[in-house]
Amino acid sequence: MRLSAYFLPTLKENPNEAQIVSHRLMLRAGMVRQTSAGIYAWLPLGFRVLKKIEQIVREEQNAAGAQELLMPTIQPAELWKESGRYDDYGKEMLRIRDRHEREMLFGPTNEEMITDIFRSAVKSYRDLPRNLYHIQWKFRDEIRPRFGVMRGREFLMKDAYSFDLDADGARRSYQKMFLAYLRTFARLGMKAIPMQADTGPIGGDLSHEFIILAETGESGVFCDKEWLDLDVLASAPGFDDDLTPFFEKYTNIYAATDEKHDPATSPLKPEELVSARGIEVGHIFYFGTKYSAPLGAVVAGPNGEQITVEMGSYGIGVSRLVGAIIEASHDDAGIIWPDEVAPFKVGLINLKTGDADCDRACDELYRDLQAAGVEVLYDDRNERAGAKFADMDLIGLPWQLTVGPRGLKNGVVEMKRRATGEREELPRDAAFSKLTAA
RNA sequence: CGGAGCGUAGCGCAGUCUGGUAGCGCAUCUGCUUUGGGAGCAGAGGGUCCCGAGUUCGAAUCUCGGCGCUCCGACCA
């Protein structure tokens with residue numbers, strides 16, 4: 001993409017409305033624009049990141065055996081009356097009436113709807129287990145939206161729902177999602193720690209929150225320092241293996257939110273304990289028949305008996321993750337995207353547009369990198385060097401490739417790694433092979 | 001929902017106390033000069049001063065009502 005043609009309204013100054021760093025940087029980097037409190041429009045750069053995260057989440061869900069579908073944002077109130085949550089959910093639920101005065105709502109979650117879909121289609125134990133998920137916008141009318149996209153009212157969430165014949169099966173489904181979550185967050189370049197959690201209004205007796213460590217996180221967390229060195233992707237079993245040893249290993253390493261942590265009863269010596277801050281980005285629940293019973297999600301068992309299915313639900317805050325990743329990965333100059341979610345891999349900076357040599361070298365690099373499948377944002381604007389460097393640091397692409405008249409005279413271009421600030425001058429072809437290999 | 005603050009050009013702000021018809025920096029546009037870390041000079045455009053009602057010869061400024069946004073607290077992917 002040529003920056004001269006890209007819709008990227010960056011800001012030099014901090015908008016007054018944004019206080020925390022991820023919100024400020026998202027506005028300054030031209031990723032989002034607020035349209036009302038807690039509701040955001042995603043501009044092209046932000047949208048690319050959102051889609052990258054979504055795709056990683058999707059790949060891991062699919063690998064774990066979950067199947068993607070898509071349910072609507074608007075739901076009929078009747079389903080929620082059946083489960084009893086229409087009255088329980090309170091003002092957080094946005095209620096709507098259509099032109100026929102039917103009661104509708106903008107879905108804050110989809111347990112009722114997925115259970116309805118399931119019960120109408122599945123009648124036999126032979127069709128279990130199933131895990132269905134979608135990635136869809138939700139609305140919760142928060143009392144006080146804040147922190148930009150991290151506590152928006154409208155937000156993009158991946159929510160999966162498992163259906164099993166019995167508690168053992170449900171536990172297996174839960175463990176698969178547990179593994180998928182650890183893999184997902186590791187692939188996003190984040191350290192996410194599962195913590196025993198309250199089950200909240202959804203209910204149930206087995207639940208974990210996944211919390212990303214970030215200095216500016218909203219809740220305090222305590223954990224075994226062993227967490228900091230764990231490499232999930234290296235040690236993870238396959239989804240079809242027996243997951244119990246893995247699950248037990250990871251749930252036995254100490255981790256607790258500050259509400260649950262009690263220094264008096266902590267099993268860890270002070271030197272083993274890490275105190276940090278974190279952001280909740282995922283939450284998984286096993287809740288048995290809480291919805292299948294009232295909604296009548298029942299299948300015939302091997303002996304013809306009626307079995308109420310065991311369910312769990314598994315959420316990941318996709319739009320929240322955009323903010324959370326920035327909270328965990330930025331510096332004074334701007335965002336530092338982990339490679340896997342970066343909106344572009346390389347920012348190509350033409351230091352002197354209009355100069356025949358610079359233009360030719362940049363045009364060729366741009367063309368060749370794209371042909372090699374590398375996502376490039378090419379700054380071909382007629383701006384000063386300083387402005388280009390500042391914008392490139394702000395939007396945080398992993399690699400910056402700078403082409404200027406001075407370097408070209410010596411046959412070199414400059415490559416900078418955004419995360420470390422390391423720069424290297426090297427011949428054009430060497431830079432090209434590094435970027436296509438990395 | 002309780003407490004606090006803000007609303008003036010795309011962004012950041014001054015002007016409000018003490019009423020006289022709107023200004024600064026950045027951004028934008030034009031020209032010239034510049035060009036390796038947010039350039040210089042000259043010129044230009046851009047405003048329902050959040051909305052409504054009132055007071056007044058006259059309201060960004062005073063009064064009343066409303067709306068929006070932010071922050072702190074109780075709640076949450």
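Per chain, numbering begins at 1; letters A, B, ... match sequence-line order.
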query: Side chain of A:Glu13, base of B:rG25: donor and acceptor closer than 3.5 Å?
result: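 Side chain to base: pair found, below 3.5 Å.
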
- prompt: Under the 3.5 Å rule, do the base of B:rC76 and the side chain of A:Arg140 count as making a donor-acceptor pair?
  reply: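 Answer no: no donor N or O sits under 3.5 Å from an acceptor.
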
Which pairs would a plain distance check flag for residues 35-49 of chain A, meaning a side-chain donor or acceptor within less than 3.5 Å of a matching protein atom at least two apart in sequence or in another chain?
{"residue": "A:Thr35", "atom": "OG1", "partner": "A:Ile39", "partner atom": "O", "Å": "3.3"}
{"residue": "A:Tyr40", "atom": "OH", "partner": "A:His23", "partner atom": "NE2", "Å": "3.3"}
{"residue": "A:Tyr40", "atom": "OH", "partner": "A:Gln34", "partner atom": "OE1", "Å": "3.0"}
{"residue": "A:Arg48", "atom": "NE", "partner": "A:Pro343", "partner atom": "O", "Å": "2.8"}
{"residue": "A:Arg48", "atom": "NH2", "partner": "A:Pro343", "partner atom": "O", "Å": "3.3"}
{"residue": "A:Arg48", "atom": "NH2", "partner": "A:Glu375", "partner atom": "OE2", "Å": "3.1"}

field: Which residues share a ring-ring contact (aromatic ring centres under 6.0 Å, His included) with A:Phe432, sequence neighbours left out
entry: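 None.
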
field: Stretch residues 56-64 of chain A: residues that reach within less than 4.0 Å of RNA chain B through a heavy atom
entry: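 Those residues: none at all.
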
For A:Asp258, all residues meeting salt bridge (Lys or Arg N to Asp or Glu O under 4.0 Å), sequence neighbours excluded: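 Counting only residues at least two positions away or on another chain, A:Asp258 forms no salt bridge (Lys or Arg N to Asp or Glu O under 4.0 Å).
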
Under the salt bridge (Lys or Arg N to Asp or Glu O under 4.0 Å) test, residues paired with A:Asp368 that sit two or more places apart: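 A:Asp368: salt bridge (Lys or Arg N to Asp or Glu O under 4.0 Å) contacts with A:Arg428.
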
Not counting sequence neighbours, which residues clear side-chain contact (heavy atoms from CB on, under 4.5 Å) with [X]? List them please.
X	value
A:Arg2	A:Ser4, A:Asp363, A:Tyr366, A:Tyr378, A:Asp380
A:Asp159	A:Asn110, A:His134, A:Lys138, A:Met157, A:Tyr161
A:Ala160	A:Gln61, A:Asn131, A:Tyr133, A:Lys158, A:Met177, A:Tyr314

Could you measure between the two [atom1] atoms, the one in [N] and the one in [M], and give it in whole Å?
N	M	atom1	value
B:rG52	B:rG68	C1'	15 Å
B:rC62	B:rG58	C1'	13 Å
B:rU8	B:rA4	P	22 Å
B:rG20	B:rA60	P	9 Å
B:rU48	B:rG5	P	28 Å
B:rU28	B:rC64	C1'	40 Å
B:rU70	B:rG65	P	24 Å
B:rG46	B:rG23	P	13 Å

- prompt: Can we call the ring centroids of A:Trp227 and A:Tyr250 under 6.0 Å apart?
  reply: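 Yes.
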
message: Tell me if the aromatic rings of A:Tyr254 and A:His261 count as close, with their centers under 6.0 Å from one another.
response: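 Yes, close enough.
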
- prompt: If you look at every strand shown and take non-hydrogen atoms under 4.0 Å, does A:Val318 touch a base, only sugar-phosphate, or nothing?
  reply: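 No contact.
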
Without placing hydrogens or testing angles, list every side-chain donor-acceptor pair under 3.5 Å for residues 69-78 of chain A, not counting sequence neighbours.
{"residue": "A:Gln75", "atom": "OE1", "partner": "A:Trp80", "partner atom": "NE1", "Å": "2.7"}
{"residue": "A:Gln75", "atom": "NE2", "partner": "A:Thr109", "partner atom": "O", "Å": "3.1"}

task: In plain terms, say whether A:Asp359 and A:Lys352 are close enough for a salt bridge, that is, a side-chain N and a carboxylate O under 4.0 Å apart.
output: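 No, A:Asp359 and A:Lys352 are not salt-bridged.
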
task: Write down the partner of B:rA59 under the Watson-Crick or G-U wobble criteria, each distance required to be under 3.5 Å.
output: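 The base-pairing partner of B:rA59, which may sit in any strand shown, does not exist here.
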
Pair partner, B:rA44 [Watson-Crick or wobble, under 3.5 Å]: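 Looking at the geometry, B:rA44 pairs with B:rU28.
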
field: Contact list for residues 332-349 of chain A, test side chain to side chain donor-acceptor pair (under 3.5 Å), sequence neighbours left out
entry: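 Sorted pair list: A:Asp339-A:Arg417.
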
query: In whole angstrom, what separates A:Leu27's CG from B:rG12's C1'?
result: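 Interatomic distance, CG of A:Leu27 to C1' of B:rG12: 14 Å.
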
- prompt: Atom CD of A:Glu142 to atom P of B:rC75: distance rounded to whole Å?
  reply: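 For the pair A:Glu142 CD and B:rC75 P, the rounded distance is 12 Å.
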
Sub-3.5 Å pairs of nitrogen or oxygen atoms, protein against nucleotides 68-71 of chain B:
{"residue": "B:rC69", "atom": "OP1", "partner": "A:Ala37", "partner atom": "N", "Å": "2.7"}
{"residue": "B:rC69", "atom": "O3'", "partner": "A:Gln34", "partner atom": "NE2", "Å": "3.2"}
{"residue": "B:rU70", "atom": "OP1", "partner": "A:Gln34", "partner atom": "OE1", "Å": "3.4"}
{"residue": "B:rU70", "atom": "OP1", "partner": "A:Gln34", "partner atom": "NE2", "Å": "3.3"}

statement: Protein-proximity profile, nucleotides 32-41 of chain B, B/S/- by nucleotide at the 4.0 Å heavy-atom cutoff, equals --BSBBBB--

